[in-house]
Visitor: 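Quick one: the structure is below, questions incoming.
Residues take their numbers from the sequence shown, with the count starting at 1.
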Amino acid sequence: MTREEIVKELFAMRDEKYAAFQAKLIPNIDPETVIGVRTPALRNYAKNLLKKEETGDFLDVLPHRYFDENQLHAFILSGMKDYDSCMTRLEQFLPYVDNWATCDQMSPKVFKKHKAELFKKIEEWIGSKETYTIRFAVGMLMEHFLDEDFDPKYPKLVAAIRSDEYYVNMMIAWYFATALAKQYDAVLPYIEEKRLDLWTHNKAIQKSVESYRITDEQKAYLKSLKIKADKKA
């Protein structure tokens, strides 16, 4: 299918009320670019396009005009089964990702079987100047390297990031909140030693104490480590 045919299909699945709701959740994009296709429908459509090998020129026509095209693109990449093809397409697409939703919903399943190669790419992406490339890198570290593949060098990489971008710092906070839930003893020193910027430090604590995976005792201690705005980290 051509890109034009795919967009026509997206409009056929449009829900205008959902489009208005979705546009409010992603304030940095033009509401006029939101078609309003619900996420389950987009996921199913992506699966069908992959199954029938009907993505056509869609993946090559960048940047996309519509938010829903970006979402569909992310779900197509997430379902690709060949690592090399997926990574090539991902790196082609990443510079055009312009919102948190597309960034966070892009999670190629094939990465689980190629963690060594993935980590090398994560190291490259973290050094990017692109907001959502950095966010994606941190998200991949959070998704794939906080359990049996955890290494103390990973939170060190994330803590070293300095950015003025809200969507980067929010992901860093989310990473450390999740890391505290999964690797508490290894990650706690980053909070105790105030190795994050003030806003991210406090946000990481806030998200941690909201988690059911953190004990009451741990929550009380983390709250005591919050930094007042008039103090320097």
Visitor: Please round to the nearest 0.5 Å and tell me the distance separating atom CD1 of Ile76 and atom CD of Glu69.
Guide: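 It is 10.0 Å, given to the nearest 0.5 Å.
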
Visitor: Can you name the residues that form a salt bridge (charged side-chain N to carboxylate O under 4.0 Å, His left out) with Asp60, not counting sequence neighbours?
Guide: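 In terms of salt bridge (charged side-chain N to carboxylate O under 4.0 Å, His left out), with neighbours along the sequence ignored, Asp60 is linked to Arg89.
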
Visitor: With rounding to the nearest 0.5 angstrom, report the NE2 to CG distance, His114 to Asp82.
Guide: 7.5 Å

Visitor: Do the rings of Phe176 and Tyr190 sit parallel, tilted or perpendicular, given the 30° and 60° boundaries?
Guide: tilted

Visitor: Would Thr200 and Asp197 count as having a side-chain donor-acceptor pair, cut-off 3.5 Å?
Guide: yes

Visitor: Just by distance, with hydrogens left out, do Trp125 and Glu91 show a side-chain donor and acceptor under 3.5 Å apart?
Guide: yes

Visitor: Please list, chain by chain and in numerical order, all residues satisfying side chain to side chain donor-acceptor pair (under 3.5 Å) with Arg38, sequence neighbours excluded.
Guide: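 With neighbours one apart ignored, the set is Asp15.
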
Visitor: Angle between ring planes, Phe93 versus His64, binned at 30° and 60°: parallel, tilted or perpendicular?
Guide: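 Because their plane-to-plane angle lies in the 30° to 60° range, the rings of Phe93 and His64 count as tilted.
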
Visitor: Which pairs pass salt bridge (Lys or Arg N to Asp or Glu O under 4.0 Å) with one or both residues in residues 202-217, sequence neighbours excluded?
Guide: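 Every candidate salt bridge (Lys or Arg N to Asp or Glu O under 4.0 Å) pair involving residues 202-217 fails, so no pair, neighbours aside, qualifies.
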
Visitor: Can you tell me how far apart CG (Leu77) and OG (Ser107) are? Round to the nearest 0.5 Å.
Guide: 11.0 Å

Visitor: Are any side-chain N or O atoms of Asn28 and backbone N or O atoms of Asn99, one a donor and one an acceptor, separated by less than 3.5 Å?
Guide: no

Visitor: Hey, what do you get for CD1 (Ile35) to CD (Gln22), rounding to the nearest 0.5 Å?
Guide: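 Ile35 atom CD1 to Gln22 atom CD measures 10.0 Å (nearest 0.5 Å).
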
Visitor: Atom CG in Leu118, atom CZ in Phe145: separation rounded to 0.5 Å?
Guide: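 Between atom CG of Leu118 and atom CZ of Phe145 there are 4.5 Å.
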
Visitor: Checking side-chain polar atoms at under 3.5 Å, does Tyr45 have a donor or acceptor matched by the opposite partner on Gln71?
Guide: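 Distance-only check fails for Tyr45 and Gln71.
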
Visitor: Out of curiosity, Leu180 CG to Ile205 CD1, how far, rounded to the nearest 0.5 Å?
Guide: 8.5 Å

Visitor: Taking the six-membered ring for Trp, are the ring centroids of Trp199 and Tyr166 within less than 6.0 Å of each other?
Guide: yes

